[in-house]
Amino acid sequence: MSSFTPVESLIGGALLGVAGLMLLLFNGRIAGVSGIFGGLLNFKKGETLWRATFVVGLLAGGLVLSLAYPQAIRFEMTYSAPAVMLAGLLVGIGSRMGSGCTSGHGICGIGRVSRRSLVAVPVFMISGMIAAVAVDRLFGGQI
Amino acid sequence: MAVIMMFLSGIIFALGLGISGMTQPEKVTGFLNIAGDWDPSLAFVMLGATMTYLIGNFAVLKRKSPVLGGTFILPSRTDIDRPLVVGSALFGLGWGLVGFCPGPALVALVTGYDSVIIFVLAMGVGMYAFEVLETRFAMEPDGGAGIVVPN
């Protein structure tokens, strides 16, 4: 076990829940990042400001982390550019086709006990495991 | 007011991702790679997030409308269709390949790393391409799972 962090992960997870609840309580929306970000690419009147503000908040949060908790975004990504591009395309297409990602289905969907999310989450967990194991075992961690 | 709350929500979301470990791709792949040196931390992220949301969701939905007005816009679909399953499977493959999903990738943009920028651009292209190819899904709501039904 390389770096098991149950306490930090539980606290961080609770914060994710709180942020999602804020969006629901104040704006009546589901905190799904793929939907919020994807909706920005598809301009619709009255749908842009709150989405853009949330995304700017995410970026600002990144800035806060880099100043106050830099270890959170200290990582090395040594994958090749084509591999990263393929991963990004799959995440983009897949999250829109499947109506959600780790936040919309994973946090809010499970938290709402949504039938569709209860299917989506195990599906992307399993395919994610297949991909991660394949990268490690078939390609020695280098793609 | 609405703008401030959305901004704050975005910041707290980003802090949650950072503190929980989700913004470190190797921690994500360390969880998904069950055949390797397994790091179960992400199960605790899910636990903390879903339990918090589960409890709060009940409390919030006792209200007739959101604090800032309008109506709750929630996914109402319950059907399990092919796009849900195929899309989720494709999403998972991309997630497991490099360890990034949409939220953490956006938060990690602050690093300015080439790989993060490439990932976010490709993700945007993928989302846009899907919208263009499948306009019938353009009605889909935010991250959740269904057609927008106002109340």
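The sequence lines fix the lettering, A, B, ..., with proteins before strands; numbering per chain opens at 1. Please read all numbers here as calculations on a predicted model, not as lab measurements.
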Pick one of side chain, backbone, both or neither for [X], based on which atoms fall under 4.5 Å of a heavy atom in chain B.
| X | value |
| --- | --- |
| A/Val7 | neither |
| A/Ile143 | side chain |
| A/Arg137 | side chain |
| A/Leu89 | both |
| A/Tyr79 | side chain |
| A/Ser66 | side chain |
| A/Val119 | side chain |
| A/Val133 | both |

For the student: nearest non-hydrogen atoms of [X] and [Y], plus distance:
| X | Y | answer |
| --- | --- | --- |
| B/Leu54 | A/Ile110 | CD1-O, 4.4 Å |
| B/Ser9 | A/Leu23 | OG-CD1, 3.6 Å |
| B/Ala89 | A/Ser127 | O-OG, 2.8 Å |
| B/Leu84 | A/Ala120 | CD1-CB, 4.1 Å |
| A/Leu21 | B/Thr52 | CD1-O, 3.5 Å |
| B/Asp39 | A/Ser3 | OD2-O, 3.1 Å |

Highest number of heavy-atom pairs under 4.5 Å with chain B: which of [options]?
| options | value |
| --- | --- |
| A/Glu8, A/Gln71, A/Met125 | A/Glu8 |
| A/Phe139, A/Tyr69, A/Phe54, A/Phe37 | A/Phe54 |
| A/Leu59, A/Val18, A/Leu41 | A/Leu41 |
| A/Thr5, A/Asp136, A/Leu58 | A/Leu58 |
| A/Gly17, A/Gly61, A/Gly111, A/Gly62 | A/Gly111 |
| A/Leu65, A/Val123, A/Leu16, A/Leu15 | A/Leu16 |

Is [X] close to chain A through its backbone or its side chain, or both, or neither, when contacts mean heavy atoms under 4.5 Å?
| X | value |
| --- | --- |
| B/Met5 | both |
| B/Ile34 | both |
| B/Leu8 | both |
| B/Glu26 | side chain |
| B/Phe13 | both |
| B/Ala35 | both |

Best-contacting candidate, [options], against chain A by heavy atom pairs under 4.5 angstrom:
| options | result |
| --- | --- |
| B/Ile12, B/Leu97, B/Thr50, B/Val107 | B/Leu97 |
| B/Ala49, B/Gly21, B/Pro25 | B/Ala49 |
| B/Leu93, B/Thr29, B/Val86, B/Val125 | B/Leu93 |

Distance check, rounded to the nearest 0.5 Å: [X] atom [atom1] versus [Y] atom [atom2]?
| X | Y | atom1 | atom2 | result |
| --- | --- | --- | --- | --- |
| B/Thr111 | A/Glu76 | OG1 | CD | 12.0 Å |
| A/Leu24 | B/Leu61 | CG | CG | 5.0 Å |
| A/Leu10 | B/Met51 | CG | CE | 10.5 Å |

Review point. Do B/Asp79 and A/Arg115 pass the salt bridge (Lys or Arg N to Asp or Glu O under 4.0 Å) test, and can you show the C-alpha distance, the side-chain angles, and the key distance before you say yes or no?
Key: CA-CA 8 Å; B/Asp79 60 309; A/Arg115 190 161 168 258; over 6 Å; no

Check your understanding: Judged by atom type as modelled, is there a donor-acceptor pair below 3.5 Å linking the side chain of A/Arg112 to the main-chain atoms of B/Pro75?
Key ->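 Present.
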
**Study point:** Trace of the side chain to side chain contact (heavy atoms under 4.5 Å, CB included) decision for A/Met77 with B/Phe100
**Key:** CA-CA 10 Å; A/Met77 197 180 253; B/Phe100 263 147; 3.3 Å; yes

Practice item. Assess the side chains of A/Ser9 and B/Lys27: does a donor N or O sit below 3.5 Å from an acceptor N or O? Key: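 Note: A/Ser9 and B/Lys27 side chains miss the donor-acceptor criterion.
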
Review point. Is the number of heavy atoms from other residues, nucleotides or ligands under 6.0 Å of B/Tyr113 OH greater than 12?
Key: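 Atom OH in B/Tyr113 is crowded, with more than 12 foreign heavy atoms closer than 6.0 Å.
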
